[in-house]
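Numbered from 1 within each chain, the chains take letters A, B, ... in sequence-line order.
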Amino acid sequence: MRNAEVARLFEDIADILEVQGDSGFRVRAYREAARQIAGLREPIEQVAAAGGLEAIPGIGKAIAAKIDEYLRTGHLAYYERLREQVPPGLVALLQVPGLGPRTAQLLHQELGVESLDDLRAAIAAHRLRSVRGLGAKTEERLARELERLHESARRLPLGVARPVAEQVMAMLGEHPAVLQIEPGGSLRRWRDSVGDIDLLAASPDPEAVMAAFVALPFVREVLSQGPTFTRVLRTDGLGVDLRGVRPEFWGTALHHFTGSRAHSIRLRDLANERGLKLNEYGIFRMDTGERLPGATEEDVYAAVGLPWIPPELREDRGEIEAALAGHLPHLIEQDDLRGDLHVHTNWSDGNAPPERMAEAARALGYEYLVITDHSAGLGVANGLSVERLRAQRQVIDRLNQEYAPFHVLQGIEMEIRADGALDYPDAVLRELDLVSISLHSNLRQDPERVTARALAAVEHPLTDVFNHPTGRLVEKRRGADVDLEAVLQVAARTGTAVEINGTPERLDLDDVWARRATELGVLLVITSDAHSPEGLQSIRYGVMQARRGWVEARHVLNTRPYAAFRAWLNERAAQRERRSASRA
DNA sequence: GCCGTTTTCGGCCCGACTGTTTTCAGTCG
C-alpha cells in the first residue's frame, strides 16, 4: 500500500506551490487530496486499478491523472519540473513558525535566502530589518524560532502532550473564574501526535483566566497574549495555547477549536445549506441574524440536524455521512474491556512481580489478565527460557487459587526471528494459554522479507495474536515495511487476532488500519503492553485510537466476558488439533 | 486544484493576534 507515499508527494507539491506564491486555492486542493489519500482505507493502487480515483472527494481529473502516472512509472513529471524551479532549501523555511510562504518568497527575492543556513546568516548580519515589511521585531522573533527549531520536534507524541495538558487543566481548573476546561484540537480527538497543546476554558471573565495562565510556575515565556487567546512556552520547551470563552459560547467554541478543520468546514457547509452561519461565537440565522442556542456541542450538531459526533471521529472520514444516515458506530468504551492481554512482569523486562500486576488489573475491574513476558529470543529483555517459563506457570497457578474468581493466564510475547522461525518448540507453545507474536528486531528488512516473516507468524497455527504489527514508534521510528493489507487478509482468514497496542509511543495498529481491520472482519485486541502496574492505565490510549478507527466493542476480543474469552481460546486449540490430525 | 438539486464559471471558512503600517498583510489554527 503506497497511500502514505502518494499523500507525501502531493504535500510536497503543495509546499512548493505555496512558496512559489501560487493560488492558495490550488495549494489547498493538493493538500486536501493528500489528506484524502492518507485517510484512504484501501490501497490506492487498488483504487487506481479499478478506475475509482475520481470518486474520492477532492480528487478530480488532474490529480487522478497524476496519481496514475506516479503509480505506473514511479515518477511524476509535473513534480520534477516544480522541484527544479524552487531551491530545495527554500521549502524548508516554512518549518519556521511564523514564517510563511509570503515571507519566504520575500526573503528569497530581497536577500537571496535559499536555505535555513542563509536565513541564519541574514539574521546574524541584521539584514532582515532592512527589508520593507519586516522589522527588528520580526528579525528577533525569527532568530528565537530558528534556535528552537531543532530542540522541538515538529509534532508531539500524544503520550507527551496528554499528561502535560492534564496537568495544566488541573492547575487552572482550580481557579474560581474557570467553569470548565477541556483540551481542543487533535489532543481532544486523541490523534497519535499533536501539533500543539491547545486548551479551552469557559469563564465569565476570560481575561482573568489569561492572567492566571501566564502566572503559572512553568511559564518560561509569553509568546502572545490577548483578551481571549494566550500562548506560552513552558520551561520544558513545550508550547501551550489557551483560549478563554464565555459560557454561552462554550459549545460553538469547543466545537470550533476541536476541529478537525476538514470536519468543521463540512459542518459549516451543512449549516449554510440550512440558511445558518456557524462560527466560534454561535449559530446564526442568515436572514434575521438571530442567534440560536450554542452553549453545548449538542446544540451545534442539532442545529444542522445531526446527532452529536464524538471528537475521535471528527476527521471527515465519512462520519458526517454516517450521522446523516443515522449509522454512527457505537464506539468502544474503556469500560467495555474485561481484561488485558499483553503485560510484562519482572520475569522479563517488567518492573513488578506477577501478583502486583494481577492486583492492579483486578483493581481496574477486569475479570482476567494474560501475562505475556518476552520469549528467550529477546535477550535484551531477559526473555524466558523454557525452564523459567514453566516455573512462572507454577506461580500463575498459585495466583489463580488466591485471586479467584479473577483469572490470571499465562501467555508469551514471542519473537519472530529474522528467518521467520519462532523461539520455542510447538510442544512448549501448546502449554500456554495464549501465544502472541511480535517483531522487535530486523525491522528494516526489505518489504518482501519482512512481510513474509509477518505472514508466517500470523499463519502459524499456534499464534493467537499478532502484536504491534508495524513496530512503529510515534514520531520517532517509522514501522517496518510490512504489507498490512496482506497481513490483515490472512488474519481474517486464519482467525488470528491483531493488536492495537495502547502504549502511547506505539498505538499500533493505528486508527486507519484498525478501521480497515474491522472492514476485513479481523478480530482485534486492545492492550496496554504494561511493564508496571501503573502502565496498565495506558490501555486508554489504545481504546481512544480504536475509537478513531470506528471500532466497536464487538470487534474486540477482550471485551468478552471470561467464559466467552476462554471459549475462544479453546476453539483455537480445537482447530489446531483438527488441523494437525488431518495433516497426520 | 475541485466542485455544482438555481451554477461548467466563479466561488472556495474566518477570526485573533502580531508587526509594520497610516489602514493592513501575514500567519495560524
Taking [M] as the reference, what is the distance to [N] when you measure between their [atom1] atoms (whole Å, please)?
N      : M      : atom1 : result
B/dT21 : B/dG26 : C1'   : 13 Å
B/dG15 : B/dT8  : P     : 29 Å
B/dG11 : B/dG19 : C1'   : 31 Å
B/dT20 : B/dC13 : P     : 30 Å
B/dC2  : B/dT6  : P     : 24 Å
B/dC17 : B/dT23 : P     : 24 Å
B/dC12 : B/dT7  : C1'   : 14 Å

Quiz item: cation-pi between A/Arg243 and A/Phe257, 6.0 Å / 45°:
yes

Whole angstroms only, please: what is the [atom1]-[atom2] distance between [X] and [N]?
X        : N      : atom1 : atom2 : result
A/Ile265 : B/dC3  : CD1   : C1'   : 14 Å
A/Ile56  : B/dG1  : CD1   : P     : 17 Å
A/Arg243 : B/dG15 : CZ    : P     : 14 Å
A/His263 : B/dG29 : NE2   : C1'   : 16 Å

Within less than 4.0 Å of OP1 or OP2 of [N], is there a side-chain N or O belonging to [X]?
X        : N      : result
A/Lys66  : B/dG1  : yes
A/Ser224 : B/dC17 : no
A/Lys277 : B/dG15 : yes
A/Thr103 : B/dT27 : yes
A/Thr138 : B/dT20 : yes

Would you kindly say whether A/Arg83 and A/Tyr79 are connected by a side-chain donor-acceptor distance under 3.5 Å?
yes

By nearest atom, which of the nucleotides B/dG15, B/dG26, B/dA16 is closest to the A/Thr228 side chain?
B/dA16

Taking the minimum atom-to-atom distance to the side chain of A/Ala29, which one of B/dG1, B/dG19, B/dG29 wins?
B/dG1

Taking for A/Gly226 and for A/Leu134 the nucleotide of DNA chain B with the nearest heavy atom, the one nearer the 5' end belongs to A/Gly226

Taking for A/Tyr281 and for A/Glu139 the nucleotide of DNA chain B with the nearest heavy atom, the one nearer the 5' end belongs to A/Tyr281

Could you check which nucleotide pairs with B/dT8 in any of the strands shown, counting Watson-Crick or G-U wobble with both distances under 3.5 Å?
none

If you take all heavy atoms of A/Asp511 and A/Gln545, which pair is closest and at what distance?
N-OE1, 2.7 Å

Heavy-atom donor-acceptor pair, A/Thr296 side chain to A/Asp299 backbone, under 3.5 Å:
yes

Taking the six-membered ring for Trp, are A/His255 and A/Tyr301 closer than 6.0 Å centroid to centroid?
yes

Kindly say whether, by distance alone, the side chain of A/Arg261 makes a donor-acceptor pair under 3.5 Å with the base of B/dG29?
yes

The residue among A/Arg189, A/Arg35, A/Arg191 that forms side chain to side chain donor-acceptor pair (under 3.5 Å) with A/Glu315 is A/Arg189

